[in-house]
Amino acid sequence: MTEALDSVRIDERIAPDLAPLFEPLRVRSLELKNRIVMPAMGHGKARGGVLGPSFARYYRLRAEGGTGLLIGEAAAVGDPVAPAEPDQAHFHSLWPLTDWQHIARQVQEAGAKMIPQLWHVGMIRKPSSWPFYHLPSKGPSGLYIQPSDGTPMKAPQQYAEPMSQRAIDEIIGIYGQAAEDARRLGFDGLEIHAAHGYLIDQFLWHVTNRRTDGYGGATLKARARFAVELVKECRHRAGRDFPIFFRYSQWKIQDYGARLAETPRELAGMLEALADAGVDCFHCSTRRFWEPEFPVSDLNLAGWTKKLTGLPTITVGSISLNQELVPYTIRRLEKDEKAREAAVTNLDRVMEMFTRGDFDLIAVGRAMLANPDWARLVRAGRMDLLKPYDADSLARSTDFPDLAAPASRRQ
Ligand SMILES: Cc1cc2nc3c(=O)[nH]c(=O)nc-3n(C[C@H](O)[C@H](O)[C@H](O)COP(=O)(O)O)c2cc1C
C-alpha cells in the first residue's frame, strides 16, 4: 500500500489540551512553528549513500503532515569508515549532498524545517567491511563490542589501534566540513549524533574509552573532550547563528542498560562543557520518555538536561506507542484497541511533563513512520485516527511504486 496523507476531513481547530504543543519556539536562528520533531530514522536503503526520490517524498509527506522539525536519517560524514554498511546515507560528496539539498527544499516548501544528522559509527563497523575492507575501523581505544541481542553485554574485543591524535584531528575536521556543507546547502541547523554507542559516544563511555591521554579519564567530563572539540569546530565552520543540536543517550546498542552518568552532577560536567562549546539544543534519547533518570525526582533525561543547562531539550521514546524500542529486532505491535488506548494515555503523560516545563520539544519516531500526518491528527485531537505502528511500517513509508528505480538500476 502506498503512503499518502488521508483525505479524511478533520476539524482545523486545535484541541485545547494539546494547544501548548503547537506554540512556536526559537532555537538560536531557527523559528519552529510547533514542538513536534521527527527524529532521525535510518532505512539502510541509500544506494551509494544517495537516498533518492522516494525519500524526498517520504520526508515531504511528514512536513505536509504538520511536523515542525524533521531530522534527516543518520548520514555518514566524509570518512571512508564512517558508515557501518554500504547502503547507509552519506553526508559528503556531490551526489549525496545534492540529493540532501533537494530533500531539504522539499521539506521547507511544505512549511517545515530540516536538519541533517551527522554520523560516524566508529568501532560498530565490523573489520573488513565492504567496500573499504582494507581499512581498520576507528575508535578511541579500538574496542569492538557486538550490538546487543538482549543477552548480557559481550566482552570488548581489540580490533584496531586506538585513534592517534592525527586521526582525532582529521575526524573533527571532517565534522567541521559537514557543518559547513549543512549551512551551504540551506539546512536549518544540524544535529551531531553522539548517542547509542557510535563513535562520539564511544569516547564518552568508560567501557569503550580506555585512553590515558587528554581524551580519556575517570570522569565523564574528561571523556567529553573529543565531543567538545568537535562541537567547537562545527560552531566555527557553520557560523555563530547556525543551530547545533546534540543527541546523546545513556543506552547503547551494545548494552541497553548502559549509563554515562550515575548522578546529575556527573551529567552536568559533560553538559556544561558542551553548552559552552556551542550546543543550542540537547536531544536526549531515551527508549521510554516517562522513566525518571535519577532516583531523586521524576524528571526524565530531557528534564534533567534542561534543568542543568537552561537550554531547550527534546524528549523521545515510545510517544503514542505502547511498545518497546529494540532496534534491529523491532517487535510487532498488537493491532488492537488496547494499543490505541495505551497510546492516547501516554500522550496525556507527555502533556503533563511538557506543560510543567520539563522539555521544549517532543520527537515522535515510529508512530510517525506509521502516520505521516501524526502532527495534524494530534492537533485536532483525533488520536482515534492514528494507525498503529507495525513491523512493516518502515518499509511501507518509502514504498512508492511510481518512483521505482529505472530498469537499468534494478538488480
Ligand atoms: C528504524 C529506526 C531507525 C533509527 N535510526 C536512527 C538514526 O539514524 N539515528 C538516531 O539517532 N536514532 C535512530 N533511531 C532511533 C529513533 O530516532 C528514536 O529515538 C527511537 O525510535 C525512539 O523513538 P520512538 O519510540 O518514537 O520510535 C532509529 C529508530 C528506528 C525505529
Side-chain angles (χ1 to χ4, degrees), residues 36-46 49 51 55 58-59 62 67 69-77 82-85 87-91 100 115-122 124 147 190-201 245-253 256 281-291 300-302 313-333 339 342-343 346-347 349-350 359 361-372 374-375 378 386-398:
I36 297 167
V37 178
M38 179 165 98
M41 281 180 288
H43 292 242
K45 280 185 172 175
L51 290 167
F55 282 84
Y58 155 82
Y59 283 112
R62 273 112 194 124
T67 317
L69 175 66
L70 284 92
I71 305 179
E73 71 178 80
V77 293
E85 311 278 346
D87 283 348
Q88 287 168 343
H90 291 178
F91 201 80
W100 273 119
I115 63 177
Q117 190 189 51
L118 309 180
W119 191 36
H120 192 304
V121 303
I124 286 290
L190 63 87
E191 179 169 275
I192 294 168
H193 190 349
H196 308 168
Y198 296 109
L199 179 66
I200 300 173
D201 204 15
F245 290 63
F246 187 91
R247 187 172 221 209
Y248 81 100
S249 63
Q250 301 258 40
W251 69 272
K252 323 285 163 215
I253 58 169
Y256 294 121
C281 180
F282 285 100
H283 188 167
C284 309
S285 175
T286 50
R287 293 158 65 215
R288 293 175 282 267
F289 76 88
W290 58 86
E291 287 183 349
N300 70 4
L301 190 63
T313 60
I314 309 177
T315 199
V316 67
S318 305
I319 294 177
S320 86
L321 283 179
N322 72 341
Q323 178 204 26
E324 284 282 304
L325 172 73
V326 186
Y328 308 118
T329 49
I330 299 167
R331 290 185 199 149
R332 257 173 205 283
L333 175 73
N346 152 336
L347 260 182
R349 179 68 181 141
V350 174
F359 36 77
L361 293 151
I362 65 164
V364 178
R366 289 163 296 158
M368 209 181 284
L369 287 176
N371 299 278
W374 190 93
V378 166
L386 290 175
K387 295 188 194 82
Y389 169 84
D390 65 46
D392 302 325
S393 298
L394 182 68
R396 225 172 24 233
S397 67
T398 54

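Just so you know, ligand 1 is whichever comes first in the structure, and atom 1 is the first atom listed for that ligand.
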Please say whether [X] places an N or O atom under 3.5 Å from an N or O atom belonging to ligand 1.
X	answer
Gly42	yes
Arg247	yes
Gly365	yes
Ser318	yes
Leu321	no
His193	yes
Arg366	yes

Using 30° and 60° as the class boundaries, would you call the ring planes of Phe246 and Tyr248 parallel, tilted or perpendicular?
tilted
Once you measure the plane-to-plane angle for Tyr58 and Phe55, does it fall in the parallel (<30°), tilted (30-60°) or perpendicular (>60°) bin?
perpendicular
Just wondering, do Met38 and Tyr59 contact through their side chains at under 4.5 Å, heavy atoms?
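Yes, at least one pair of side-chain atoms sits under 4.5 Å.
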Are Trp374 and Leu386 close enough that some pair of their side-chain heavy atoms sits under 4.5 Å apart?
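Side-chain contact under 4.5 Å: yes.
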Look at the side chain of Glu191 and the backbone N and O of Arg247, then say whether any donor-acceptor pair between them is shorter than 3.5 Å.
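Answer holds: no.
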Tell me, please: is Gly317 in heavy-atom contact with ligand 1, that is, under 4.0 Å?
yes
Ala82: what forms a side-chain contact (heavy atoms from CB on, under 4.5 Å) with it, not counting sequence neighbours?
Ala76, Val77, Asp79, His120
Sorted by chain and number, sequence neighbours left out, side-chain contact (heavy atoms from CB on, under 4.5 Å) with Ala40 holds for Ile71, Gln117
Considering the options Trp119, Trp251, Tyr256, which one meets the ring pair (Phe, Tyr, Trp, His ring centres under 6.0 Å) requirement together with His196?
Trp251
Per atom 30 (C) of ligand 1, closest listed option by heavy atom (Met41, Gln117, Met38, His196):
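Heavy atom nearest to atom 30 (C) of ligand 1 belongs to Met41.
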Going by heavy-atom distance to atom 7 (C) of ligand 1, choose the closest among Ala370, Gly44, Ala40.
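Selected option, by shortest heavy-atom distance: Ala40.
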Just which atoms of ligand 1 are under 4.0 Å from any heavy atom in Ala74?
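Contacts of ligand 1 toward Ala74, numbered from 1: 7 (C), 8 (O), 9 (N).
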